[in-house]
Amino acid sequence: MTAYATDARKSAESDDDNGQTTDVQWFTGSPQTHRVARAIAQYGPIARTTLAQLLGLSQGALSRITSDLIYEGVIEELPGDTTEQGRLPQGFIPKESREKRGRPQTNLRLRAGERTFLGINIHGSEVSIVAVNALCRPVGPCRTVTLESTKPQDVAATIGTAIRKYRSDVTPSPVAVGLSFGGHAEDDRYVTYAPFLHWDGRVDAAGAIEQAGGLPTAVFNDLDSLLLYESWFGAGIGVRRFAVVTIGAGVGYSLAEDGMPVDYPDKSYGLAGHILVDPEGPRCYAGHTGCSQCLTNDSLAEEYSDMVGHMVTFDQFAADAQEGTAQARQLLNRLCFRLGVLVSTVANFAMPSKVLISGESSFLAKMNQESIRSGINWYRPSQAATVDFEILDFSWESWAKAAAARAIARYIG
C-alpha cells in the first residue's frame with residue numbers, strides 16, 4: 001500500500017475493499033489554492049471580500065481560485081440570506097467593500113458532506129474511534145475498543161479491525177485516518193516514543209495500520225492534534241497564539257501559533273512534566289519536590305492516601321471531592337492552585353492570548369476556578385493583563401475528533 005505522503009502537495013492512492021482507489025488528497029492545485037481552502041476551513045463561512053483581505057489576494061485572483069474549488073466540490077456558496085459567519089483572526093477588521101452594485105456577497109464554506117474521515121485516539125488500554133465530516137462534526141457514534149496487548153503488531157491489528165468494521169457504516173466511505181497518542185511521532189508516520197504503550201525503537205505505525213485497516217493513515221501527538229482541532233474548529237479559532245495544558249495520567253503542554261502547533265523536535269517528551277508548581281508539594285518519582293507531576297492522577301491518589309491514612313484510588317479521591325468531603329476538598333483546592341501556577345508559568349513565558357485546560361482530570365478544575373485564578377495571580381505581575389483561560393469539556397470522543405482534524409488538515413493540503 002502506498003504510504004501516506006509526507007508532503008501535503010503529493011498524492012497517494014490506496015486500495016479499498018473492492019479494489020478501487022481512494023485519493024488521500026482532496027484536490028490538486030497551487031500552494032495558494034491550498035492556502036485559500038485552509039482559510040475557508042478555519043474561518044468559514046466567510047465572504048470573498050473578507051477572505052481576499054485576510055489573505056492579501058486580489059479579488060480577481062481569489063475569484064479564480066474559489067471558482068476552481070467550487071468546481072472541484074471542495075467548497076460551496078451558502079444561500080444569500082444565510083447569516084452564518086465564522087470567527088475571524090484576532091485584531092482583523094475587514095474593510096467594507098465599496099462595491100454598491102452587483103450580486104450580493106455570499107459566504108463560502110467547506111462542503112462538509114463530501115468527505116468523511118476517521119479519528120482514532122489511543123489512551124491507556126483503550127482506543128476511541130469516531131467518524132466525522134469535513135467540518136469535523138461527528139457522522140456516527142464514538143466507539144471504544146480494548147487493547148488486549150500493547151505490542152505494536154497487536155495494536156495495529158486491533159485498530160485495523162475497528163477501522164474495517166466502522167468504515168462500512170459510514171457514508172460516504174472515509175478517505176483517511178488520523179490517529180493520535182501520547183508520545184512522539186516523526187513524519188506523521190513513525191512512532192519513536194510512546195511511554196504509555198511501552199514501545200521501543202522506531203515503529204512504522206501508519207504503515208502497519210494502513211495495511212490492517214485499508215485506509216491511508218497518519219499518526220500524530222495527541223496534544224498537537226487537540227491544538228489543531230481547537231484552531232480550526234473549536235475554542236482557538238482566530239486566536240493568534242494559545243496554549244493547551246492537560247492534566248490526567250500525565251501533564252501536557254503545547255503551543256499554537258497562527259492556527260498550527262509550534263514545531264519543536266523535543267516537544268512530545270513531556271517537557272512540562274517537572275516544572276515547579278508548589279515548593280511544599282510531594283516528591284515525584286524523579287526526586288523533584290512539588291513539580292507538576294503532583295497534578296497527575298497517580299500523585300493525587302498517593303497524596304490523598306497520606307491525608308486519609310489508607311490507600312485510595314484517584315477515582316475515590318475524585319468522588320470524595322465531588323461530594324465535598326473536607327480532606328478531598330482541601331486537596332482539590334491545592335490541585336487547582338497548583339494548576340493555576342502552571343498556567344501562570346505558561347502565560348509568563350509563552351505569552352499566549354489564551355490558555356485552554358483539558359485532559360481526563362480537567363473536570364476537577366471546573367470545581368474551583370477561583371483557586372486556579374489565585375494560583376495564576378500568585379506568580380503573575382499585578383500590572384500584567386489577566387490571563388484568559390478556558391476549561392474545555394473533556395471526552396475521549398473529543399480527542400478522537402482532534403485526530404480526525406489532523407487528517408482533514410492533511411487532506412486539504
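What you are looking at is a predicted structure, and each value in this text was computed from that prediction instead of being measured.
- The CD1 atom of Ile120 sits 4.0 Å away from the CD1 atom of Ile163 when rounded to the nearest 0.5 Å.
- Of all heavy-atom pairs between Ala350 and Tyr253, the closest is CB-OH, 3.5 Å.
- By the 6.0 Å contact criterion, CZ on Phe92 is enclosed, its count of non-hydrogen atoms from other residues, nucleotides or ligands being greater than 12.
- To the nearest 0.5 Å, atom OG of residue Ser361 and atom CG of residue Leu300 are 7.0 Å apart.
- Cys294 has its side chain within reach of Arg338: a pair of non-hydrogen atoms, C-beta onward, lies under 4.5 Å apart.
- Proximity of a side-chain donor or acceptor of Gln53 to a complementary backbone N or O of Thr50 within less than 3.5 Å is not detected.
- Using a 4.5 Å heavy-atom cutoff, the side chains of Thr192 and Tyr269 are in contact.
- Crowding of Lys366 atom NZ: a count of heavy atoms from other residues, nucleotides or ligands under 6.0 Å exceeding 12.
- For the residue pair Thr158/Thr161, the side-chain donor-acceptor check at 3.5 Å is not satisfied.
- Side-chain atoms of Asn107 come within 3.5 Å of backbone N or O of Ala47 as a donor-acceptor pair.
- The backbone N or O of Cys142 lies less than 3.5 Å from no partner atom in the side chain of Thr144, so there is not a single donor-acceptor pair.
- Under the 6.0 Å distance and 45° angle rule, Arg115 does not count as a cation-pi partner of Tyr411.
- The closest side-chain donor-acceptor pair between Thr150 and His198, if any, does not fall under 3.5 angstrom.
- Using cut-offs of 30° and 60° for the angle between ring planes, the Tyr229 and Phe233 rings count as tilted.
- Rounded to the nearest 0.5 Å, atoms CG (Leu364) and CD (Gln322) are 7.0 Å apart.
- A donor-acceptor pair shorter than 3.5 Å cannot be found between the side chains of Tyr285 and Asp298.
- The line from CZ of Phe389 to CG of Leu356 is 11.5 Å long, rounded to the nearest 0.5 Å.
- With rounding to the nearest 0.5 angstrom, the CD1 atom of Ile237 is 9.5 Å from the CZ atom of Phe242.
- Between the side chain of Glu360 and the backbone N or O of Ala249, at least one donor-acceptor pair lies under 3.5 Å.
- Within 6.0 Å of the CG atom in Asp393, the count of heavy atoms belonging to other residues, nucleotides or ligands does not exceed 12.
- Listed for the Asn133 side chain is no donor-acceptor partner under 3.5 Å among the backbone atoms of Thr116.
- By the 4.5 Å heavy-atom criterion applied to side chains, Glu77 and Leu108 are counted as neighbours.
- In this structure, Leu223 CG and Thr246 OG1 are separated by 4.5 Å, a value rounded to the nearest 0.5 Å.
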Considering only distance and modelled atom types, tabulate donor-acceptor pairs under 3.5 Å from the side chains of residues 370-378, sequence neighbours left out.
from   : atom 1 : to     : atom 2 : distance (Å)
Ser371 : OG     : Asn368 : OD1    : 3.2
Ser371 : OG     : Asn368 : ND2    : 2.9
Arg373 : NH1    : Val387 : O      : 3.0
Arg373 : NH2    : Val387 : O      : 3.0
Ser374 : OG     : Glu370 : O      : 3.1
Asn377 : ND2    : Arg373 : O      : 3.3

